[in-house]
Novice: 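The structure's right below; bear with me while I get my questions together.
Naming convention: chains lettered A, B, ... in sequence-line order (proteins, then strands); numbering from 1 in each chain. Any value given below was found using the heavy atoms of this structure, including those in side chains, with hydrogens, waters and symmetry copies removed.
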Amino acid sequence: MAQTPRYRFAPSPTGYFHVGGARTALYNWILALQNNGVFVLRIEDTDDSRNNPQWTKGILEALAWLGIDSSDSHFEGPLFQSANAALHVAAAEKLFEQGKAYYCDLSTEDIQKRAKESGKQGYDGYSRDRGLGPGEGRVLRFRVPQSLTIVQDEVRGSVEFDNSTIEDFVLLRGNGSPVFLLANVVDDITQGITHVVRAEEHLPNAPKQQMIWQALGVTPPSWAHVPVLVNEQRKKLSKRRDKVAVEQYREEGVIAAAMKNYLMTLGWAPTGDTEIVPFEKITADFKLGSVNHSPAFFDIVKLQSFNADYIRAMTVDEFIRACEPWLVGAKAPWQASDYDAKVFAEVAPLVQTRVQLLQDVPSMVDFLFCDLPTIDDAAFTKAFAPEWASSTLIEIREGFTTCEFTPDALKAVVEAVGEKHSLKLGKLQAPLRVAVTGRSVGPPLFEPIALLGRDATLKRIDVAIAKKV
RNA sequence: GCCCCCAUCGUCUAGUGGCCUAGGACACCACCCUUUCAAGGUGGCGGCACGGGUUCGAAUCCCGUUGGGGGUGCCA
């Protein structure tokens, strides 16, 4: 009778939510889904001064954004580590009573001094047999048994650690509070965790924690240590120097589905030749055993490419809805009163294939929602450099005053002028584009011009010609 | 220093002894299409770190070298 597998994700609320954390969460989430198990979210908010409730909120929101929240029955939590402090201490005391841990009154300086004198690194087990009891300033250390600890890891196989290389590590600080190594294990035990899937940086902790599980008389969980995400220098992604905040990518207009899909291609790949696949396929395909063993570079360029792909795959309506935060409200670069949702809906299909990030959208359409566009000087200078630029623009203006104001008719006017002067449409439209949009690149020109209307268009052309002269 | 992990195109990966003349994706380049820019299409560039084994046969197994990474806290 197999028990329900229980996975967990245990972040500490010390900053923005890290993309590496997001990937670990996704792994655990997928495993819980595919094995009909439980995903326990545990916030490890033990007395670290870096903790802040605001970060907890951020973690919850970011996970929810990725589709990991209590609306799904596989989700359990959030649980807070700080609430279990008494349990952690009780477990430590039990270990002390059983002689599996002992108190030590050496300060960090004392330990360093002894290490220096003996020439051996780390704590030397000085207080092992001194029979010290608890007391202010005394730390409780785990009595590491003399043996070999073998960690069975689902991605790495069996990893052996000679216990003689593991010092008697601290369980309880001098002030009596539990350290991560202990609190983490006690919580896992009390929460019935059966599978620990986490980043490789924790691999050195695994033998220590496995010993604690055993010392507490509980069968250790199944371990899996997945490779870390690295930056261009192949160093572990860090909050300090790398762009790792999930929140930030979201702000820029990365789609959650794209982020999930991309993250899952780091260290693993869905079956088949396509890597952009529905989350359902990932959930069905994923196997811990086929996760890569080496670190993966978090490539923002590729993430954006995935994102652009996801944007293009949307229906126009979905796209319009997804753009909303960037079009109305605080993020919009224009006055709310100047924005016209109907106009945007018309050009939406034109911009959909041209953006990688949703935040790129406003700058593609802003010229439609202002009186006069902001002219990019470099673009203007270049577009109006040819001697024919102004004169042909005047001719085009001429045509625009009388023609039907539809994309086709407008295009015909410009083409006619082009034919007269043997200029290709691509070249000829440059000054027009800058005059109307302020930029040298953008969505196809004639649809927006038709939307803009005759008066506004002629006005912009006049302004541009005046500027030239 | 010590412990542990890792090693396929620039990057992410497929590959589990013959299907490999190593496949796909991102990036890059070229061409086509084209209303600028994209998108799309076609093609191109580019890799099994090195050295030894094992085997009829090795990207795949073993050993070593080199190179990278993680850890080494009274952080998590």
Novice: Which side-chain N or O atoms in residues 301-311 of chain A pair as donor and acceptor under 3.5 Å with protein atoms at least two apart or in another chain?
Specialist:
residue	atom	partner	partner atom	Å
A/Lys302	NZ	A/Glu275	OE2	2.9
A/Asn307	OD1	A/Ile255	N	2.7
A/Asn307	ND2	A/Gly253	O	3.0
A/Asn307	ND2	A/Gln356	O	2.6
A/Tyr310	OH	A/Asn261	OD1	2.5
A/Tyr310	OH	A/Val277	O	3.3

Novice: Can you find an N or O donor on one side and an acceptor on the other, under 3.5 Å apart, linking the side chain of A/Thr353 with the base of B/A38?
Specialist: yes

Novice: Looking at every strand, decide which applies to A/Arg312 at a 4.0 Å heavy-atom threshold: base, sugar-phosphate, or nothing.
Specialist: sugar-phosphate

Novice: Give, for atom CG of A/Leu445 and atom CZ of A/Arg433, the distance between the pair rounded to the nearest 0.5 Å.
Specialist: 4.0 Å

Novice: Tell me whether the side-chain N/O atoms of A/Thr46 come closer than 4.0 Å to OP1 or OP2 in B/A76.
Specialist: yes

Novice: Is the phosphate of B/A76 approached by A/Asn184 (side-chain N or O, under 4.0 Å from OP1 or OP2)?
Specialist: no

Novice: Give A/Leu106 one of three labels, base, sugar-phosphate or nothing, depending on what nucleic acid heavy atoms sit under 4.0 Å from its own.
Specialist: base

Novice: Find every protein N or O atom lying less than 3.5 Å from an N or O atom of nucleotides 26-33 of chain B, and list the pairs.
Specialist:
residue	atom	partner	partner atom	Å
B/C26	O3'	A/Ser305	OG	3.4

Novice: Grab the N/O contacts between the protein and nucleotides 70-73 of chain B below 3.5 Å, and write none if there aren't any.
Specialist:
residue	atom	partner	partner atom	Å
B/G70	OP1	A/Lys236	N	3.1
B/G71	OP1	A/Lys236	NZ	2.8

Novice: Which part of the nucleic acid, if any, lies within reach of A/Glu447 when heavy atoms closer than 4.0 Å are counted: base, sugar-phosphate only, or nothing?
Specialist: base

Novice: Just the atom pairs and distances: protein N or O near nucleotides 65-67 of chain B's N or O, under 3.5 Å.
Specialist:
none

Novice: Can you list every side chain to side chain donor-acceptor pair (under 3.5 Å) pair that touches residues 357-366 of chain A, not counting sequence neighbours?
Specialist: A/Asp366-A/Arg439

Novice: Please give the distance between the C1' atoms of B/U60 and B/G73 as a whole number of Å.
Specialist: 41 Å

Novice: Which pairs of donor and acceptor atoms, one on a side chain in residues 132-141 of chain A, lie under 3.5 Å apart (sequence neighbours left out)?
Specialist:
residue	atom	partner	partner atom	Å
A/Arg138	NH1	A/Gly133	O	2.9
A/Arg141	NH1	A/Asp168	O	2.6

Novice: Within 45 degrees of the axis of the six-membered ring of A/Phe446 and under 6.0 Å from its centre: does A/Lys411 put its NZ or CZ there?
Specialist: no

Novice: Under 4.0 Å between any heavy atoms, over every strand shown, what does A/Phe169 touch: base, sugar-phosphate, or nothing? Just pick one.
Specialist: nothing

